[in-house]
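Written out below as structure tokens is the structure these notes cover.
FYI, the numbering just counts along the sequence from 1.
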Amino acid sequence: MHERYLQQAVDLAVENVRSGQGGPYGALIVRDGQVIAASGNRVTQQVDPTAHAEILAIRAACKKLNDFQLTDCILYASCEPCPMCLGAIYWSRITAVYFACSRFDAAAANFDDSFIYDEFSKAPAERSLAMRQLKLNNAQQPFDVWTAQISKVAY
């Protein structure tokens, strides 16, 4: 069963490239044996660096299910999810991920995100992207207001 859905993700990635819609990535989200959402990569089409197949599939599944958590869902991806997508997968509470190609296969095709993985282990001030924390007197205020909010929806 997993192979069938994973093959659909790979086929979606191939069609995505052939149709000119985007890069060589496809993703499906499945719940209880039903495909809830599917997408190819749309980075260049949407002029959006976050329009990865996994992110778009997560957004579509959440909208369809009217829930920001996909706890009973499985994601099938044509390639190992990048760090951004992996973060979204964790936040969405997807139960499991099956992927076909590895990030090393992607790197061989000039989709190398190893530098991002390397950056994660560095302290913010040591990263290649300038990241400096500035201390403000009221910096904690958004969290204080959130904590005090009675009607909040925790996530």
Side-chain angles (χ1 to χ4, degrees), residues 1-31 34-65 67-136 139-140 142-143 146 154-155:
M1 170 176 73
H2 296 300
E3 289 82 4
R4 179 172 52 109
Y5 293 122
L6 190 55
Q7 186 62 57
Q8 287 180 40
V10 169
D11 293 344
L12 181 58
V14 170
E15 180 55 31
N16 202 53
V17 173
R18 287 188 176 148
S19 69
Q21 292 184 327
Y25 297 93
L28 303 172
I29 296 180
V30 176
R31 184 175 78 171
Q34 297 292 327
V35 175
I36 302 300
S39 185
N41 173 289
R42 301 282 188 274
V43 169
T44 55
Q45 183 187 56
Q46 294 184 6
V47 193
D48 178 355
T50 69
H52 289 199
E54 298 91 336
I55 298 290
L56 296 176
I58 288 169
R59 289 175 183 163
C62 287
K63 188 170 280 194
K64 183 171 183 176
L65 298 174
D67 197 341
F68 55 85
Q69 294 187 346
L70 302 173
T71 53
D72 297 327
C73 297
I74 297 173
L75 185 139
Y76 296 89
S78 61
C79 189
E80 181 179 356
C82 76
M84 175 184 67
C85 294
L86 189 56
I89 290 164
Y90 276 107
W91 279 118
S92 68
R93 311 297 198 271
I94 285 173
T95 304
V97 176
Y98 292 85
F99 60 91
C101 290
S102 72
R103 61 181 155 151
F104 306 107
D105 298 323
N110 293 319
F111 290 95
D112 190 358
D113 53 13
S114 62
F115 72 98
I116 299 172
Y117 287 99
D118 295 342
E119 290 284 293
F120 285 154
S121 63
K122 298 176 183 176
E126 297 172 1
R127 294 179 181 152
S128 62
L129 173 65
M131 295 185 74
R132 308 293 182 257
Q133 182 178 17
L134 300 177
K135 300 293 184 175
L136 299 176
Q140 190 65 34
F143 294 117
W146 170 259
Y155 61 95

Give every donor-acceptor pair under 3.5 Å between a side-chain atom in residues 48-59 and any protein atom, sequence neighbours left out.
unit_1 : atom_1 : unit_2 : atom_2 : d
D48    : OD1    : T50    : N      : 2.8
D48    : OD1    : T50    : OG1    : 2.6
D48    : OD2    : T50    : OG1    : 3.2
H52    : NE2    : P49    : O      : 3.3

Listing, residues 98-114 side-chain donor-acceptor contacts under 3.5 Å, not counting sequence neighbours, or none:
unit_1 : atom_1 : unit_2 : atom_2 : d
Y98    : OH     : H2     : NE2    : 3.2
S102   : OG     : F104   : N      : 3.2
S102   : OG     : D105   : N      : 3.1
S102   : OG     : D105   : OD2    : 3.3
D105   : OD2    : S102   : N      : 2.8
D112   : OD1    : S114   : N      : 2.9
D112   : OD1    : S114   : OG     : 2.8
D112   : OD2    : S114   : OG     : 3.4

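The side-chain contact (heavy atoms from CB on, under 4.5 Å) check on F120 picks up P83, I116, with sequence neighbours excluded. With sequence neighbours left out, the ring pair (Phe, Tyr, Trp, His ring centres under 6.0 Å) criterion links Y5 to Y76.
In terms of heavy-atom proximity, A38 sits nearest to L28 at CB-CD2, 3.2 Å. Closest approach of N16 and G23 over heavy atoms only: ND2-O, 2.8 Å. Listed here is the closest heavy atom pair of I29 and A61: CD1-CB, 3.8 Å. Nearest heavy atoms, V97 versus P81: CG1-CG, 4.1 Å.
Taken from CG in D11 to CG in L6, the straight-line distance is 9.5 Å, to the nearest 0.5 Å. Taking CG of L136 as the reference point, atom CD of Q140 lies at 11.5 Å (rounded to 0.5 Å). Put simply, NZ on K64 and CD1 on I36 are 5.0 Å apart, with the number rounded to the nearest 0.5 Å. Atom SG in C85 sits 11.0 Å away from atom CD in E80 (nearest 0.5 Å). Remark: L65 CG to T71 OG1 distance equals 9.5 Å, nearest 0.5 Å.
Remark: the backbone N or O of A13 is not paired with any side-chain donor or acceptor of S78 at under 3.5 angstrom.
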In sequence, state the C-alpha distance, the side-chain angles, and the governing distance for L70 and C62, and then conclude on side-chain contact (heavy atoms from CB on, under 4.5 Å).
CA-CA 7 Å; L70 302 173; C62 287; 3.9 Å; yes
One pair to check against side chain to side chain donor-acceptor pair (under 3.5 Å): R4 and Q7. What are the steps and the verdict?
CA-CA 5 Å; R4 179 172 52 109; Q7 186 62 57; over 6 Å; no
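Listed by first then second residue, pairs satisfying side-chain hydrogen bond (donor to acceptor under 3.5 Å, both in side chains) with a partner in residues 121-130 read E119-K122, E119-S128, not counting sequence neighbours. Residue pairs meeting the salt bridge (charged side-chain N to carboxylate O under 4.0 Å, His left out) criterion with at least one member in residues 12-30: none, sequence neighbours excluded.
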